[in-house]
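Heads up, the thing below is written out as structure tokens.
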Amino acid sequence: MVRTPIYFDNNATTRTDPRVVEAMLPYFTEFFGNAASTTHAFGRKARQAVEQARAAFAKGIGAATPSEIVFTSGATESDNLAIKGAAYAYREKGDHLITCLTEHKAVLDTCKHLEHEGFAVTYLKPQPDGLIGLEELEQAMTDRTILVSIMHANNEIGVLQDIGAIGKLCQEKGVLFHSDAAQSLGKVPFDAQALHVDLASFTAHKIYGPKNAGALYVRKSDPAVNLALQMHGGGHEGGMRSGTLNVPGIVGLATALELCLQEIDWERDRLERMCRRLLEGLKAALPGICLNGHPTRRAPGNLSLCFPGLDAGSLMLGLNDVAVSAGSACNTGSAAPSYVLKAIGMSDEAARSTLRFGLGRFNTEAEVEQVIARFAEYARRAPVRLTKAG
Ligand SMILES: *Cc1c(COP(=O)(O)O)cnc(C)c1O
């Protein structure tokens, strides 16, 4: 028997892996010291855990040195620090930023704020498959451009941008490159040096770690990136981000990444197999379903599916023991169709007919079969006519 409700919303957040919780626990009750209070053993123990986590995390993302990691409260904060921090630090050099219409709100709204502050921002429109054209990006660059921010995996449609090629182009043009890698971390390899990334945002709660723990990668050489600080105070994190360190969260973040990397190939195969089966099963139950975004260049576990002629909200109500999402978690509550789906050229109607399935570590093949069966049952119960995909 499959336990319900079934959680297929792993792009919104994930269950914390019990092994991660286990690693975090001692840092609440036993080693509770302030990592900045290194005059005594309590603080030194906490500091040691933080530095161990920093080294492990740096290695896991291909940073050159642990000091390139700034611990934050999550990807929203990392995006803000990277984009505002670079914009203000390089204002003398230029006032132009480039991003894309399908970015997370943490990037888009930060850019909007900078527009009010006098910066100019180009929002690239992706191709219908969700990918950014390299020529378009190059054409958008001017001698005033200081930063390009393009995400790795998209949180709604799962497509993986070719950030290696984007990073190389930015390097050639002498423009800084930031990538929000919250959705790709631990799922596909990420190597900051090989990908020519200067700044990258991460969060623990998308990789089976705790909420409110994350990191920003800040390149220290070729070039060394300057950031204007966004949080003033005690000068923690090399002065980049003040505030008493969340020691259990930091330990959780590093442990979560290590666990993902141990199983990365195996887990990728498993998730891809489950997604293939889910898509095939749903298509058999409800012909006419189509996959949004590029068919193969995507983060494992994500399926954004359009059910033409059906309303996503009613579908979710009809299948109330399957937790999926109509858009991204961050924008629900708004009745407007997803701006991500609109940006890849979908109509309001097609966008409103889309469900996002996010499979993860704790999902099983039996759950996939159960969800297929629930959809098939729904299709029989409510005689649906799928309109032609469009
Ligand atoms: C979840 C997510 C964020 C926000 O991360 P938080 O840690 O929740 O602040 C930012 N960007 C992307 C792509 C995400 O998926």
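In listed order, ligands and their atoms are each counted from 1. Position 1 is the first residue of the sequence; numbering continues from there.
- Note: F375 and F357 have tilted aromatic rings, judged against thresholds of 30 and 60 degrees for the angle between ring planes.
- Less than 4.0 angstrom separates some heavy atom of M151 from each of these atoms of ligand 1: 13 (C).
- Taking any N or O of E77, backbone or side chain, none lies under 3.5 Å from an N or O belonging to ligand 1.
- Atoms of ligand 1 found under 4.0 Å from any heavy atom of G74 (numbered from 1 in listed order, with element): 7 (O).
- For ligand 1, the atoms closer than 4.0 angstrom to any heavy atom of T76 are 4 (C), 5 (O), 6 (P), 9 (O).
- Considering R270, R19, K187, R268 as possible partners of E263, the one that fulfils the salt bridge (charged side-chain N to carboxylate O under 4.0 Å, His left out) test is R19.
- Note: H40 and F42 have perpendicular aromatic rings, judged against thresholds of 30 and 60 degrees for the angle between ring planes.
- For the residue pair D180 and S201, no side-chain donor N or O sits within less than 3.5 Å of a side-chain acceptor on the partner.
- The distance criterion of under 3.5 Å between nitrogen or oxygen atoms is met by Q183 with respect to ligand 1.
- Where the criterion is an N or O separation shorter than 3.5 Å, residue side chain and backbone included, D180 meets it with respect to ligand 1.
- Ring centers of F307 and Y378: at least 6.0 Å apart, outside the cut-off.
- Donor-acceptor pairing under 3.5 Å is recorded for the side chains of T13 and K211.
- Residues Y88 and F119 bring their aromatic ring centres within 6.0 Å.
- In terms of polar-atom proximity, N11 is not counted as a contact of ligand 1, lacking any N or O under 3.5 Å from an N or O of the ligand.
- Looking at K206, H152, K211, it is K206 that brings a heavy atom closest to atom 15 (O) of ligand 1.
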Using atom types as modelled, flag every donor-acceptor pair under 3.5 Å from a side chain in residues 278-290 to any protein atom, sequence neighbours excluded.
{"from": "E280", "atom 1": "OE2", "to": "R277", "atom 2": "NH1", "distance (Å)": "2.8"}

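- Residue contact check: H205 has heavy atoms under 4.0 Å from atoms 6 (P), 7 (O), 8 (O) of ligand 1.
- If you look at A106 next to ligand 1, there are no close heavy atoms at all, none under 4.0 Å.
- Counting the atoms of ligand 1 from 1 in the order shown, those under 4.0 Å from a heavy atom of N155 are 13 (C), 15 (O).
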